[in-house]
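Reminder, nothing fancy here: chain letters follow the sequence lines and each chain counts from 1.
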Number of protein chains: 2
Amino acid sequence: MATLRGGDLSRLRQLNSLTAIGALRGAGPLTLSALAKRTGLSRPSMKEVVDELMQLGWVEETPPAQGTIGRPARRYRFRASSGYLVGLDIGGHNIRAALANLNGEILAETRQPVRPDTPVEERLAAIERTVASCLALGGKTIADVWIVAAGTIGVITPEGRIHYCAAIPAWTGLDLAGRLREMFPCDVVVENDSRLAARAEAQRGTVRDASDVVFLHVGRRMGAALIIGGNVHRGFGAAAGEIAMLPQAQWFDAPEHLQNCSIIPPDTSPADAAGYTLAAARAGDPVALAAVERYVDDLAVGTSAMVLLLDPQVVVLGGGFSRSADVLLPPLRERLRRSCIRLPDVRASTLGDECVVTGAIDYAVAHLDHQLFTPDVPLPTSR
Amino acid sequence: MATLRGGDLSRLRQLNSLTAIGALRGAGPLTLSALAKRTGLSRPSMKEVVDELMQLGWVEETPPAQGTIGRPARRYRFRASSGYLVGLDIGGHNIRAALANLNGEILAETRQPVRPDTPVEERLAAIERTVASCLALGGKTIADVWIVAAGTIGVITPEGRIHYCAAIPAWTGLDLAGRLREMFPCDVVVENDSRLAARAEAQRGTVRDASDVVFLHVGRRMGAALIIGGNVHRGFGAAAGEIAMLPQAQWFDAPEHLQNCSIIPPDTSPADAAGYTLAAARAGDPVALAAVERYVDDLAVGTSAMVLLLDPQVVVLGGGFSRSADVLLPPLRERLRRSCIRLPDVRASTLGDECVVTGAIDYAVAHLDHQLFTPDVPLPTSR
DNA sequence: GTTAATAATGATGCACTCCTTCGTAAGTCA
DNA sequence: TGACTTACGAAGGAGTGCATCATTATTAAC
């Protein structure tokens with residue numbers, strides 16, 4: 001009720017225009033009648049709204065559907081190619097970029113390996129290269145891009161500085177948003193990677209149906225994010241979800257159980273170690289199974305805390321280890337059943353390694369929506 | 001954006017009416033011009049809105065202000081006495097009732113002691129008596145009451161059953177909402193007591209300015225509640241905030257440190273034991289201070305988990321022990337500073353023992369607002 | 001006591017948005 | 001080719017909000 005406001009007749013038109021845009025973005029091309037039905041407006045009114053939106057460049061006409069009875073209806077769709085969005089995943093070992101249209105449909109993706117100890121300037125240069133190649137792959141230039149949304153490991157400030165980053169030591173203290181703004185002449189937003197992955201999960205993953213979700217970002221690093229009331233919870237200082245910092249949660253070192261298991265061949269690369277243990281556990285190796293048990297024990301402590309505190313509808317296991325959800329979920333469920341009041345639905349993520357960069361695109365879309373739905377914020381020209 | 005909808009012209013009027021009601025509820029009597037200024041509408045339009053609201057019985061005129069230059073303006077106010085609200089705090093040792101008008105202004109309060117082992121039927125009878133005497137005290141009858149909002153210890157289901165209650169053993173399994181509905185011929189809502197106290201704190205307490213808050217409900221029982229984005233977070237199964245159930249949080253038995261301190265005289269009643277320890281600690285008794293340290297150690301573990309997870313703007317210490325905030329807050333701050341990324345503002349509640357019953361009234365007001373702001377929900381007749 | 005200043009009131013006309021209705025147009029099907 | 005179906009477009013009407021202006025009630029100053 002805080003934000004509920006009436007106003008002018010033009011405000012009403014604005015609301016109806018936005019509802020129409022929302023309907024068009026949600027579903028593919030729609031006829032006027034279909035739009036009217038969805039928004040609750042009458043057809044003539046809808047016509048006027050759509051005419052206006054076409055004039056503003058937000059909506060365009062598409063060829064009518066074939067083979068329908070009666071006079072073929074004009075069809076309209078959101079003009080998703082008025083501008084483009086770039087998503088970035090700046091991780092310890094990889095930099096990923098994605099190019100998407102205003103609907104968040106991904107048109108191109110690129111990836112470049114880096115190392116956790118890559119110096120800052122070199123890493124920033126790699127980011128620029130990755131984005132440039134992604135734009136080239138999609139046949140666009142940076143001038144076509146409206147928003148760059150970047151996700152990175154670590155605790156970030158609301159303004160987009162890296163407050164603390166254990167995974168990329170040199171990252172700590174960097175004004176990432178500032179540096180990216182120097183690099184890209186458009187709107188830049190920066191967010192924690194786990195929260196972006198959670199967003200992707202809520203937008204296109206396994207929890208599109210739920211509005212209260214605990215997202216576990218598990219892999220070589222442990223992270224978490226919360227979706228509350230349908231929104232990714234950011235926290236007052238943009239530091240929500242950092243339960244790994246609590247010693248009692250036994251989270252920080254939990255992956256060690258999997259990465260230092262005695263059955264791992266000595267020449268295995270660190271990137272594959274945990275995978276080896278998980279695969280062995282799937283095959284029934286008792287030592288690996290014991291390691292998994294210990295890992296899940298630790299994982300469950302922090303997860304229980306989150307579940308007890310938030311009583312979410314769903315817990316999602318995402319991140320690198322989610323590929324082994326078949327091994328991890330049953331014991332995790334078992335632990336949660338014992339410690340929680342109500343066992344939430346426990347699911348595995350269906351998004352792969354692109355979850356963060358996908359979430360970054362979704363974050364950019366949300367940012368655009370926010371601008372769209374907030375009067376007084378100037379929009380990039382759409383025509 | 002999910003709930004953002006345009007619509008009809010009547011929808012616009014509805015929005016403006018609700019904005020007007022909101023403005024009138026927030027501030028005392030307002031003139032037409034003041035209302036217009038607040039809502040952004042023009043004076044003539046405001047007039048029409050107010051006329052309609054007067055006709056519907058939501059708004060009434062009050063005598064004009066004296067001693068103003070120019071023609072005195074008519075003043076209008078929300079007709080808070082169109083109906084009444086009852087708040088209930090059903091605790092282990094006390095039942096409290098409050099009667100308030102539709103603005104949430106409390107007109108009468110009553111209290112009746114009970115015991116944790118009071119049988120269910122007897123306790124329900126006590127509830128009925130407490131409410132009856134409260135109504136009598138306020139000069140109203142149950143027919144004047146639109147909503148009864150009840151808070152009680154324990155985990156409740158979304159439907160208002162007691163899922164589990166450690167403090168009142170016989171309470172577990174009771175369909176509290178159902179029994180109260182049999183008792184009172186009006187709308188009945190049931191909520192966890194800590195969440196109600198948090199709501200009171202957000203509405204009239206120390207955190208009116210913050211939208212992300214961790215509320216610690218500390219006393220002989222430990223509870224917690226979260227305010228996220230300005231809303232009290234309830235959880236999918238209405239079981240949010242139950243971090244005390246997590247063994248690692250060391251919360252459940254934390255009050256024992258204060259209640260079983262060796263310096264407490266043997267004939268002290270259990271209700272006063274912790275208070276004795278806290279008072280001794282304030283006076284500098286080393287044994288009491290050590291007990292307080294141990295208590296805060298435990299309290300800080302669960303609090304750290306919540307702060308790390310949610311990154312709230314404020315942590316509020318409420319409940320019975322908040323009277324000793326001067327003793328508890330400094331060491332709690334110290335612990336949190338060490339374990340958290342960003343130390344939130346740590347404050348003491350200013351509401352006393354009536355925090356839950358006050359919060360129940362605020363919950364009833366919120367429920368009424370919800371009905372007001374949700375079309376299609378029939379309202380109690382207001383005229 | 002009279003007059004000027006101030007601020008609210010009430011009435012009028014206008015602009016905008018949405019709705020209903022109806023005749024017309026453009027397809028499919030028999 | 002004609003019947004049927006569906007969409008289009010235009011016209012008229014109702015509801016809502018705004019700007020404007022003459023009127024009214026009160027205070028302040030002379």
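- For A:Asp8, the side-chain atoms get nearest to D:dC18 when compared with the rest of D:dA14, D:dC18, D:dA10.
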Subject >> From CA spacing to verdict: side-chain contact (heavy atoms from CB on, under 4.5 Å), B:Phe78, B:Ile21 >> reply: CA-CA 7 Å; B:Phe78 181 67; B:Ile21 289 185; 3.8 Å; yes
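- B:Arg71 contributes a side-chain N or O that forms a donor-acceptor pair with the base of D:dT24 under 3.5 Å.
- Comparing D:dG17, D:dA7, C:dC18 by their closest approach to the side chain of A:Ser33 singles out D:dA7.
- D:dT6 atom P lies 17 Å from atom CZ of A:Arg75, rounded to whole Å.
- Of the candidates C:dT17, D:dG17, C:dA11, the closest approach to any side-chain atom of B:Pro44 belongs to C:dA11.
- C:dT20 atom C1' lies 14 Å from atom CG of A:Leu41, rounded to whole Å.
- Distance from the side chain of A:Arg43 is smallest to D:dA7 among D:dA7, C:dA15, C:dC18.
- A:Asp51 places its CG atom 13 Å from the P atom of C:dT17, with the value rounded to the nearest Å.
- Note on B:Thr31: nothing from the nucleic acid sits closer than 4.0 angstrom, heavy atoms only.
- Among A:Leu368, A:Val189, A:Leu85, the single residue meeting the side-chain contact (heavy atoms from CB on, under 4.5 Å) criterion with A:Tyr363 is A:Val189.
- Across all non-hydrogen atoms, the minimal contact from B:Ser33 to B:Arg43 is OG-CD, 3.5 Å.
- Regarding B:Glu52, its CD atom lies at a distance of 13 Å from the C1' atom of D:dG17, rounded to whole Å.
- OP1 and OP2 of C:dT17 both lie 4.0 Å or more from every side-chain N or O belonging to A:Asn16.
- What separates CG of A:Leu9 from P of D:dA19 is a distance of 12 Å, to the nearest Å.
- Residues A:Met46 and A:Ile69 each lie close to DNA chain C; by heavy-atom proximity, the contact nearer the 5' end of the strand is made by A:Met46.
- Protein atom CD of B:Gln14 is 12 Å distant from nucleotide atom P of D:dG17, rounded to whole Å.
- Distance, A:Leu30 CG to D:dT6 P: 18 Å, rounded to whole Å.
- A:Tyr76 places its OH atom 10 Å from the C1' atom of D:dA7, with the value rounded to the nearest Å.
- The residue among B:Arg74 and A:Ser45 whose nearest nucleotide of DNA chain C lies closer to the 5′ end is B:Arg74.
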Subject >> From CA spacing to verdict: side-chain contact (heavy atoms from CB on, under 4.5 Å), B:Ile361, B:Arg204 >> reply: CA-CA 11 Å; B:Ile361 290 292; B:Arg204 9 190 152 196; 3.8 Å; yes
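- A salt bridge between B:Arg13 and B:Glu52 is present, with a side-chain N of the basic residue lying under 4.0 Å from a carboxylate O of the acidic one.
- Listed nucleotides: D:dG9, C:dT20, C:dT17. Nearest to the side chain of A:Lys47: D:dG9.
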